[in-house]
Amino acid sequence: MKICHVCQAECDDDAVLCSVCGAELIEDKEQDIEEETEDTELKNPVLAVSVEDVVTEEIFKDILTENGIPFACKEGGMKVVFGGGFNAAEIYVEDYDLERAQQLYSELMNSETEFDYEQEDEADESGE
């Protein structure tokens, strides 16, 4: 069984995505690299973004790791809002990486998620 690094759900060994939250499942070696990156001590940390949900937080941390941007994360407390609550996390980067990190976050938040079933639907409509 694989354990999702986002929601800690147990997933099948051959699964690529978590069946609970949809996060990409990573191999243990990749997870060790990510944990090392998260523990990096920043010399001139600046707040890059505040993220309000754990899935977006994990995706953004993966993006920072893929782009070679060291970061630190400060978990916020539970915030209660109408209809429920959420955890906010603050993600810090080195001052010289701030602009690039904010650009990557903006791209993440403005991107549209593409699912494979959309391609299947188009194929069904065209009669293929």
Side-chain angles (χ1 to χ4, degrees):
M1 296 299 261
K2 290 182 180 177
I3 304 295
C4 176
H5 68 283
V6 175
C7 69
Q8 305 303 314
E10 291 184 4
C11 303
D12 293 333
D13 287 330
D14 58 341
V16 176
L17 300 175
C18 175
S19 59
V20 176
C21 72
E24 184 176 352
L25 299 174
I26 56 177
E27 299 297 323
D28 290 338
K29 187 186 298 182
E30 291 177 1
Q31 193 165 3
D32 291 341
I33 292 170
E34 181 178 317
E35 287 173 4
E36 287 175 15
T37 304
E38 286 185 46
D39 293 338
T40 302
E41 188 172 322
L42 303 176
K43 294 181 182 184
N44 296 310
V46 292
L47 177 62
V49 295
S50 291
V51 184
E52 296 178 353
D53 67 274
V54 69
V55 174
T56 302
E57 174 189 350
E58 290 300 321
I59 292 170
F60 185 58
K61 290 191 309 190
D62 288 345
I63 290 170
L64 290 174
T65 300
E66 290 169 6
N67 284 275
I69 299 175
F71 62 91
C73 187
K74 178 181 175 188
E75 299 297 327
M78 176 65 93
K79 294 184 179 183
V80 179
V81 295
F82 182 74
F86 59 87
N87 284 327
E90 295 177 339
I91 299 177
Y92 293 83
V93 297
E94 290 286 0
D95 56 357
Y96 55 82
D97 285 326
L98 178 61
E99 187 175 327
R100 179 70 178 134
Q102 288 177 332
Q103 178 186 9
L104 291 168
Y105 183 72
S106 178
E107 289 171 6
L108 169 65
M109 298 311 293
N110 292 321
S111 66
E112 292 185 22
T113 305
E114 294 182 20
F115 295 101
D116 291 337
Y117 68 82
E118 291 175 357
Q119 294 172 350
E120 294 172 8
D121 289 343
E122 290 172 6
D124 290 343
E125 290 174 8
S126 65
E128 294 177 13

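Interatomic distance, Asp13 CG to Leu25 CG, rounded to the nearest 0.5 Å: 10.0 Å. Atoms CG and CG, on Leu108 and Asp62 in that order, are 10.5 Å from each other to the nearest 0.5 Å. With values rounded to the nearest 0.5 angstrom, Leu47 atom CG is found 8.0 Å from Gln102 atom CD. Taking CD1 of Ile63 as the start and OG of Ser111 as the end, the distance is 7.5 Å to the nearest 0.5 Å. To the nearest 0.5 Å, the span separating SG on Cys4 from CD on Glu58 amounts to 8.0 Å.
For Gln103, the CD atom sits in a packed shell: over 12 heavy atoms of surrounding residues, nucleotides or ligands are nearer than 6.0 Å.
Here the closest heavy-atom approach between residue Val51 and residue Glu57 is recorded as CG1-N, 3.4 Å. For the residue pair Ser50 and Tyr105, the shortest heavy atom distance occurs at O-OH, 4.1 Å. Nearest approach of Ile91 to Cys73, heavy atoms of both residues: CG1-SG, 4.1 Å. Heavy atoms only, all atoms of each residue included: Glu94 and Lys43 are closest at OE2-N, 2.8 Å. When all heavy atoms are compared, the tightest approach of Ala101 to Leu64 is CB-CD2, 3.9 Å. Minimum heavy-atom separation, Asn67 to Arg100: OD1-NH2, 3.4 Å.
Across Val93, Asp97, Thr65, a single residue satisfies side-chain contact (heavy atoms from CB on, under 4.5 Å) together with Pro70, and that is Asp97.
Under the 3.5 Å distance criterion, the side-chain polar atoms of Asp12 are left unmatched by any main-chain donor or acceptor of Ala15.
No continuous path of hydrophobic side-chain contacts links Leu17 to Phe60 [ILVMFWY only; heavy atoms under 4.5 Å].
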